[in-house]
Structures are given as C-alpha cells and as structure tokens.
J.: 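Take a look at the following structure, please.
This one's a predicted model, so the numbers in the text were calculated from it and none came from an experiment.
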Amino acid sequence: NDAETVYLALWSLAFQDIGRIQLEDVDHLLTHPHASHRRVAAFLGASFKRAVTHKRLIPLLADQDWRVVEEAVDAFQEPASEPVRAAGLFDALNALLARMPKSLPEPKPLVWPWEQYVLNPDLVLRALLANRAERSPTFGLRHLSKLSPDGRQLVAEELGKVAPQDAEGRLALARLLGDTSPDVRST
C-alpha cells in the first residue's frame, strides 16, 4: 500500500486503542524499502511517546533520506528516557551532526503534498543538548561552522552555564565573543 494509507490505518488503530499497535508493525515499516513508509513509521513511533518505540527510531538517524531523518530527529527534541539514551542516542545524533552538510537542498514532499522540511544542523544540535545527560556541551564546538547564529548562541549559552575548565572550552568561548552575530557575542 501507499504510505498515506498505511499511516491512516495505523493511526485509526492507535486512536481506538494504542495497545493494538504491534511493535512488529512499526518495526516492519522502519526498515521498509520506501522512504515514505519509514517516514510514516517514524512519525507514528514518535507520537506514541513510549521508550520502547523511541529506541527503535535511533537507527533512522542514519537513514540516507533526509526526510526520514528529520522525523526521527523531531522525536528527540525533548529529553529521552534513560533506556533510550542508553541505547546509543547521543552517539547516533552526534554522528548525524558530523555527516550533515551546512544546508540541505529543498526536498520534494514524501507522503503529503503540504509537507515542509526543516532539518538543519541547529535542529540536531537541540536534540543533542536535550539528550546529553551529564556530558559537557563542548561537543558542539566542532560543529560551530555548520550552525546558524541561533545554534551558535545556544552553544554559547550552554558553555556559559558550565564555565569550561579546559583550554578547548575557554578558546571556544573566546571565539564566540568575536562571532559575526551580535546575539552570539552578547550571550
């Protein structure tokens, strides 16, 4: 079936009783050969707000279709549960940010004609910061050149909260003080 029909069928089941959705159904779609089905599975999996489902979304962060990746990244904008973080979420997000270009070409809608995509390095950075647990925010330093002024400002704010003790962190703060954006400099 087409992805829209699959989405509507699963959504109808979930609306009646979310317990009726079998994880095998979602698993099958997460590895489906068509990106549209993987995107639908990621959207539904994120909507369920269950750790067991969110863990299954982590491999989609390495998907070759940026439209699928975006849906998975959206699921992790809020702090994930400990079992999800323990399943390698931070490393998967960090690897995604490392492979992302500064900007992506505007993709065609995958499932519905009104779809718009906003995946960018800043969105991935926000997911990383939300799920860094006890890690220092210095991981964001190696990605500064990919970030917009908003993203660089977010890194500066997080670095300012922890007052980096290492030379790399202090040097980065000094570089951010000379940033081209006044918002970043004033942070």
J.: If you look at every heavy atom in A92 and L61, which pair is closest and at what distance?
T.: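 Of all heavy-atom pairs spanning A92 and L61, the closest is CB-CD1, 3.8 Å.
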
J.: Report the residues that fulfil salt bridge (Lys or Arg N to Asp or Glu O under 4.0 Å) with D183, sequence neighbours left out, ordered by chain and then residue number.
T.: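 If we apply the salt bridge (Lys or Arg N to Asp or Glu O under 4.0 Å) test to D183, skipping adjacent residues, there are no hits.
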
J.: Would you tabulate the side-chain donor-acceptor contacts of residues 114-124 under 3.5 Å, counting partners in other chains and residues two or more places apart, or write 'none'?
T.:
from: E115; atom 1: OE1; to: L110; atom 2: N; distance (Å): 2.9
from: E115; atom 1: OE1; to: V111; atom 2: N; distance (Å): 2.7
from: E115; atom 1: OE1; to: W112; atom 2: N; distance (Å): 3.2
from: E115; atom 1: OE1; to: Y117; atom 2: OH; distance (Å): 3.0
from: E115; atom 1: OE2; to: R39; atom 2: NE; distance (Å): 2.7
from: E115; atom 1: OE2; to: R39; atom 2: NH2; distance (Å): 3.4
from: Y117; atom 1: OH; to: L110; atom 2: N; distance (Å): 2.8
from: N120; atom 1: OD1; to: D122; atom 2: N; distance (Å): 2.9
from: N120; atom 1: OD1; to: L123; atom 2: N; distance (Å): 2.9
from: N120; atom 1: ND2; to: V118; atom 2: O; distance (Å): 3.0
from: D122; atom 1: OD1; to: S148; atom 2: N; distance (Å): 3.2
from: D122; atom 1: OD2; to: S148; atom 2: OG; distance (Å): 2.2
from: D122; atom 1: OD2; to: G151; atom 2: N; distance (Å): 3.4

J.: How many angstroms lie between CG in L44 and CG in L30, if you round to the nearest 0.5 Å?
T.: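 Nearest 0.5 Å value for the CG-CG distance: 9.5 Å.
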
J.: Once side-chain contact (heavy atoms from CB on, under 4.5 Å) is applied, do any residues pair with S145, and if so which ones, sequence neighbours excluded?
T.: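 S145: no side-chain contact (heavy atoms from CB on, under 4.5 Å) contacts found.
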
J.: Is it true that a side-chain atom of K55 and a backbone atom of A87 form a donor plus acceptor pair closer than 3.5 Å?
T.: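 It does not hold such a pair.
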
J.: Could you give the distance from CG (L154) to CG (L125), rounded to the nearest 0.5 Å?
T.: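 Those atoms lie 5.5 Å apart.
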
J.: State which residues pass side-chain hydrogen bond (donor to acceptor under 3.5 Å, both in side chains) with N131; sequence neighbours excluded, sorted by chain then number.
T.: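 Residues passing side-chain hydrogen bond (donor to acceptor under 3.5 Å, both in side chains) with N131: none at all.
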
J.: Only counting residues at least two apart or in another chain, list the ones meeting salt bridge (Lys or Arg N to Asp or Glu O under 4.0 Å) with K161.
T.: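 Salt bridge (Lys or Arg N to Asp or Glu O under 4.0 Å) list for K161, sorted by chain: E158.
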
J.: I'd like to check the ring pair (Phe, Tyr, Trp, His ring centres under 6.0 Å) partners of H37; sequence neighbours left out, ordered by chain and number.
T.: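 With sequence neighbours excluded, H37 shows a ring pair (Phe, Tyr, Trp, His ring centres under 6.0 Å) to H32, H34, given in chain and number order.
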
J.: What's the separation between atom OG in S181 and atom CZ in R152, rounded to the nearest 0.5 Å?
T.: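 The CZ atom of R152 is 6.0 Å from OG of S181, to the nearest 0.5 Å.
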
J.: Starting at CG of L60, measure out to CG of L96 and round the result to the nearest 0.5 Å.
T.: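 The CG atom of L60 sits 11.5 Å away from the CG atom of L96.
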
J.: As an exercise, state the distance from CG of L89 to CG of L57, rounded to the nearest 0.5 Å.
T.: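 Atom-to-atom, L89:CG and L57:CG are 10.0 Å apart.
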
J.: State which residues pass side-chain contact (heavy atoms from CB on, under 4.5 Å) with P33; sequence neighbours excluded, sorted by chain then number.
T.: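 P33 satisfies side-chain contact (heavy atoms from CB on, under 4.5 Å) with no other residue.
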
J.: Between P101 and W66, what is the shortest heavy-atom contact and its length?
T.: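 That would be CD-CZ2, 3.9 Å.
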
J.: Starting at OG of S186, measure out to CG of L176 and round the result to the nearest 0.5 Å.
T.: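 Rounded to the nearest 0.5 Å, the OG-CG separation comes out at 11.5 Å.
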
J.: How far apart are the closest heavy atoms of I58 and G88, and which atoms are they?
T.: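 Minimum heavy-atom contact is CG2-O, 4.3 Å.
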
J.: For E106, what residues pass the salt bridge (Lys or Arg N to Asp or Glu O under 4.0 Å) criterion, not counting sequence neighbours?
T.: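 E106 satisfies salt bridge (Lys or Arg N to Asp or Glu O under 4.0 Å) with no other residue.
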
J.: Who are the side-chain contact (heavy atoms from CB on, under 4.5 Å) partners of F90, not counting sequence neighbours?
T.: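 F90: side-chain contact (heavy atoms from CB on, under 4.5 Å) contacts with N94, L128, R132, R135, F139.
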
J.: Kindly state each residue pair satisfying salt bridge (charged side-chain N to carboxylate O under 4.0 Å, His left out) with at least one member in residues 87-101, sequence neighbours excluded.
T.: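 Qualifying pairs, neighbours excluded: none.
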
J.: For residues 60-69, which residue pairs qualify under salt bridge (charged side-chain N to carboxylate O under 4.0 Å, His left out), counting only residues two or more places apart or in two chains?
T.: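 For residues 60-69, and leaving out neighbouring residues, the salt bridge (charged side-chain N to carboxylate O under 4.0 Å, His left out) pairs sorted by first residue read R38-D63, D65-R67.
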
J.: R126: what forms a salt bridge (Lys or Arg N to Asp or Glu O under 4.0 Å) with it, not counting sequence neighbours?
T.: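 Per chain and number, R126 pairs via salt bridge (Lys or Arg N to Asp or Glu O under 4.0 Å) with no residue.
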
J.: Is any side-chain heavy atom of V184 closer than 4.5 Å to one of Q153?
T.: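 Of all side-chain heavy-atom pairs linking V184 with Q153, at least one is under 4.5 Å.
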
J.: Count I, L, V, M, F, W, Y as connected when their side-chain heavy atoms are under 4.5 Å apart, and connections chain through other members. Are F43 and L8 then in the same cluster?
T.: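 Same cluster: F43 reaches L8 through Ile, Leu, Val, Met, Phe, Trp or Tyr contacts under 4.5 Å.
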
